[in-house]
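Some notes on the structure that comes next.
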Protein chains: 2
Amino acid sequence: MILRNISVDCVIFGFHNEKLHVLLWQAEPELLENFLTTKKELEEIKILFEKNPALGNSQEFWGLIGTHLPTEEDLDGYAKKILQITTGIEDIYLKQVRTFGALDRVPHYRVLTVAYYALINPNYHDLKLSPLAKAVKWFEIDNLPEVIFDAKEVIEHSLKKLRDEVKYHPVGFHLLPKKFTLTQLQTLYEVILDEKLDTRNFRKKILNMGLLVDTNEKQKNVAHRAAKLYSFDVEIYNKLKEEGLNFRI
Amino acid sequence: MILRNISVDCVIFGFHNEKLHVLLWQAEPELLENFLTTKKELEEIKILFEKNPALGNSQEFWGLIGTHLPTEEDLDGYAKKILQITTGIEDIYLKQVRTFGALDRVPHYRVLTVAYYALINPNYHDLKLSPLAKAVKWFEIDNLPEVIFDAKEVIEHSLKKLRDEVKYHPVGFHLLPKKFTLTQLQTLYEVILDEKLDTRNFRKKILNMGLLVDTNEKQKNVAHRAAKLYSFDVEIYNKLKEEGLNFRI
DNA sequence: CCAAAAGTGTTAGTCATACACCCATGC
DNA sequence: GCATGGGTGTATGACTAACACTTTTGG
């Protein structure tokens with residue numbers, strides 16, 4: 001059985017072409033089948049779609065990826081499941097943003113949405129493998145299409161949360177490939193925080209924290225001096241944090 | 001109608017006797033009547049209580065103040081309403097913590113709890129006026145009674161959120177009277193953050209930020225040098241923030 | 001005059017900011 | 001050899017941390 005009054009939606013952020021993107025879809029009941037376990041649940045979803053013209057009308061509108069919470073699913077676990085099925089990735093950084101519960105945020109019926117944000121790197125995860133590939137698309141964060149319901153507000157809240165988080169916790173790394181250059185990292189922060197950073201100071205700060213691992217590798221086939229590749233190690237971060245490291249950008 | 005699968009619970013923090021406290025209650029359906037608008041809702045609540053032995057058994061267990069969300073109530077608005085009815089105060093600082101949705105967090109039926117935390121100053125708000133006064137009690141944060149369901153976890157999450165927040169935003173003032181001394185403010189921070197702060201440095205830092213208003217008043221009838229009384233002005237804070245002030249403790 | 005808490009300044013070290021040029025690579 | 005982005009050091013000012021005594025008040 002699904003809980004008609006509760007939906008779980010994921011704001012999936014991706015970083016490519018030096019831009020922050022959000023993954024949206026045009027949902028149809030048949031796609032939601034992927035997230036559900038019983039036929040009964042699918043029937044229930046179909047009824048909701050029929051009752052709500054705005055949902056059926058999704059040729060024009062894009063929406064956040066998610067659906068109603070089944071009774072037998074753990075809340076955090078279900079958000080993770082939605083992401084796994086959508087992206088094919090097992091270990092995704094995922095964080096609850098907040099629950100939206102204004103009266104009339106969705107016409108015709110009452111639903112609270114528990115929003116999560118997730119961070120992935122689109123260059124390194126081929127979404128073509130996803131069963132939802134045809135319905136799903138990346139949009140630049142400052143060039144979003146028309147979205148359904150209050151999805152815009154949810155995305156904005158999530159972005160704000162990401163911005164707050166990225167300054168004090170090393171979460172930005174989840175948007176980069178395993179091995180990355182300091183310039184990529186800097187660009188990422190510039191894009192998320194929407195401000196220019198001083199290269200020399202940025203490098204000093206990051207390297208002084210001592211949580212990047214020098215992979216002893218360099219970029220290849222670039223038409224300029226090849227940059228060193230670093231990786232981020234959560235274990236090292238946890239150790240340093242215990243010793244009193246304060247991560248700050 | 002009430003939404004059986006969604007409850008709204010408030011972790012109400014108060015600061016007195018140099019300790020941080022939480023307001024808990026022993027809920028009974030009759031008390032919940034105060035939060036509800038129709039008789040039908042009360043009947044629905046009563047049925048839930050009957051179905052769930054742990055709820056009826058609340059002579060032994062204390063719980064968070066809150067109840068199921070009625071269909072016609074806005075989520076944030078309902079949290080505010082719960083607080084107003086409980087405390088009689090109109091303007092309470094209130095913040096959504098997160099939504100708890102583990103599978104067996106409440107036995108016998110599935111319910112998600114949207115948790116909020118609130119900050120009030122018990123010395124300056126007489127809860128005896130509340131219709132719930134007899135069921136409600138302050139507990140020291142590190143001397144809590146046995147609590148129902150996962151209330152402990154919810155309280156701990158809320159405290160963590162408060163700690164994170166208090167460092168970077170001037171929310172601590174909501175726990176103090178309108179006019180307070182710098183020593184009170186320092187004690188408050190020491191209690192919330194659970195660490196000693198250097199008095200001289202603390203005063204310098206706070207006063208340099210320039211967001212406290214000198215009321216030109218002093219304590220009266222104290223058996224020692226009377227301290228100056230300050231107040232906090234949100235308007236001033238907002239102005240300073242626009243000018244780039246970074247609030248940090 | 002005593003007890004109790006309020007109030008105050010200086011120094012040393014650390015951290016943030018501002019800023020401009022040479023280096024390595026592919027084509 | 002040139003275009004492109006990678007990589008580096010220093011000086012200045014700002015902030016943080018550590019630390020001990022005098023002042024005011026009521027009883």
Side-chain angles (χ1 to χ4, degrees), chain A residues 15-19 123 166-168 176-177 179-191 193 195-231 240 243-249, chain B residues 15-19 123 167-168 176-177 179-191 193 195-231 240-241 243-249:
Chain A
F15 178 68
H16 59 150
N17 288 340
E18 312 204 337
K19 292 260 171 76
N123 287 336
V166 96
K167 280 188 201 171
Y168 305 114
L176 293 175
K179 296 171 184 177
F180 52 85
T181 70
L182 290 179
T183 305
Q184 283 178 303
L185 187 63
Q186 187 181 339
T187 309
L188 173 67
Y189 276 104
E190 288 178 342
V191 166
L193 300 175
E195 59 179 294
K196 279 278 160 208
L197 302 172
D198 180 279
T199 303
R200 277 180 282 195
N201 294 335
F202 179 81
R203 284 162 175 258
K204 247 180 296 176
K205 193 188 263 181
I206 293 286
L207 291 176
N208 279 341
M209 284 196 267
L211 47 74
L212 291 195
V213 180
D214 185 344
T215 64
N216 292 314
E217 290 178 56
K218 290 190 170 188
Q219 287 180 311
K220 280 174 188 156
N221 305 315
V222 286
H224 52 77
R225 175 170 176 179
K228 290 179 83 163
L229 291 168
Y230 292 88
S231 68
L240 289 172
E243 293 166 12
L245 172 76
N246 255 359
F247 185 90
R248 286 274 159 87
I249 295 296
Chain B
F15 178 68
H16 59 151
N17 289 341
E18 313 204 336
K19 293 257 170 77
N123 287 336
K167 279 188 201 172
Y168 304 114
L176 293 175
K179 297 171 185 176
F180 51 84
T181 70
L182 290 179
T183 305
Q184 284 178 303
L185 188 63
Q186 185 181 339
T187 309
L188 173 67
Y189 277 103
E190 289 178 342
V191 166
L193 300 176
E195 60 179 294
K196 279 279 160 206
L197 301 173
D198 180 280
T199 304
R200 278 180 283 193
N201 293 335
F202 179 80
R203 284 163 174 257
K204 249 180 296 176
K205 193 189 261 180
I206 293 286
L207 292 176
N208 279 342
M209 284 196 267
L211 47 73
L212 291 195
V213 180
D214 185 344
T215 64
N216 291 313
E217 291 177 55
K218 290 190 169 187
Q219 287 181 312
K220 280 176 187 154
N221 304 313
V222 286
H224 54 79
R225 177 170 176 178
K228 289 177 85 165
L229 292 167
Y230 292 87
S231 68
L240 289 172
K241 202 167 74 170
E243 292 166 12
L245 170 78
N246 254 1
F247 184 90
R248 287 273 159 86
I249 296 296

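Each chain gets a letter, A, B and so on, in the order the sequences are listed, and its residues count up from 1.
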Would you say [X]'s side chain and [Y]'s backbone share a donor-acceptor pair under 3.5 angstrom?
X        : Y        : value
B/Asp214 : B/Asn216 : yes
B/Glu217 : B/Leu229 : no
A/Glu190 : A/Lys196 : no

| Residue that, paired with A/Tyr230, satisfies side chain to side chain contact (heavy atoms under 4.5 Å, CB included) out of A/Leu207, A/Ile206, A/Thr181 | A/Leu207
| B/Arg203 and its side chain to side chain contact (heavy atoms under 4.5 Å, CB included) partner, picked from B/Asp198, B/Leu197, B/Thr183 | B/Thr183
| Distance test, side-chain N/O of B/Thr183 to OP1/OP2 of C/dA5, below 4.0 Å | no
| 5'-most contact on DNA chain C: B/Tyr230 or A/Ala226, nearest heavy atom basis? | B/Tyr230
How many Å lie between [atom1] on [X] and [atom2] on [N], as a whole number?
X        : N      : atom1 : atom2 : answer
B/Phe202 : C/dA6  : CZ    : C1'   : 14 Å
B/Met209 : D/dC15 : CE    : P     : 12 Å
B/Lys228 : D/dT23 : NZ    : C1'   : 14 Å
B/Leu229 : C/dA6  : CG    : P     : 11 Å
A/Ile206 : D/dT8  : CD1   : P     : 15 Å
A/Gln186 : D/dG5  : CD    : C1'   : 12 Å

| task | For A/Lys220, enumerate each residue passing the salt bridge (Lys or Arg N to Asp or Glu O under 4.0 Å) test, keeping only those at least two apart in sequence or located in another chain. | result | none
| message | Heavy-atom count check: over 12 atoms from other residues, nucleotides or ligands less than 6.0 Å from B/Glu18 CD? | response | no
| remark: With sugar-phosphate taken as primed atoms, P, OP1 and OP2 and all else as base, the protein-contact string of nucleotides 8-20 of chain C at under 4.0 Å (heavy atoms; B, S, -) is BBB------BBBB
| field | Parallel, tilted or perpendicular: ring planes of B/Tyr168 versus A/Tyr168, cut at 30 and 60 degrees | value | parallel
| request: Determine whether the side chains of A/Lys205 and A/Asn208 contain a donor N or O and an acceptor N or O closer than 3.5 Å. | output: no
| remark: Expected list for residues 212-224 of chain A near DNA chain D, using heavy atoms below 4.0 Å, is A/Ala223, A/His224
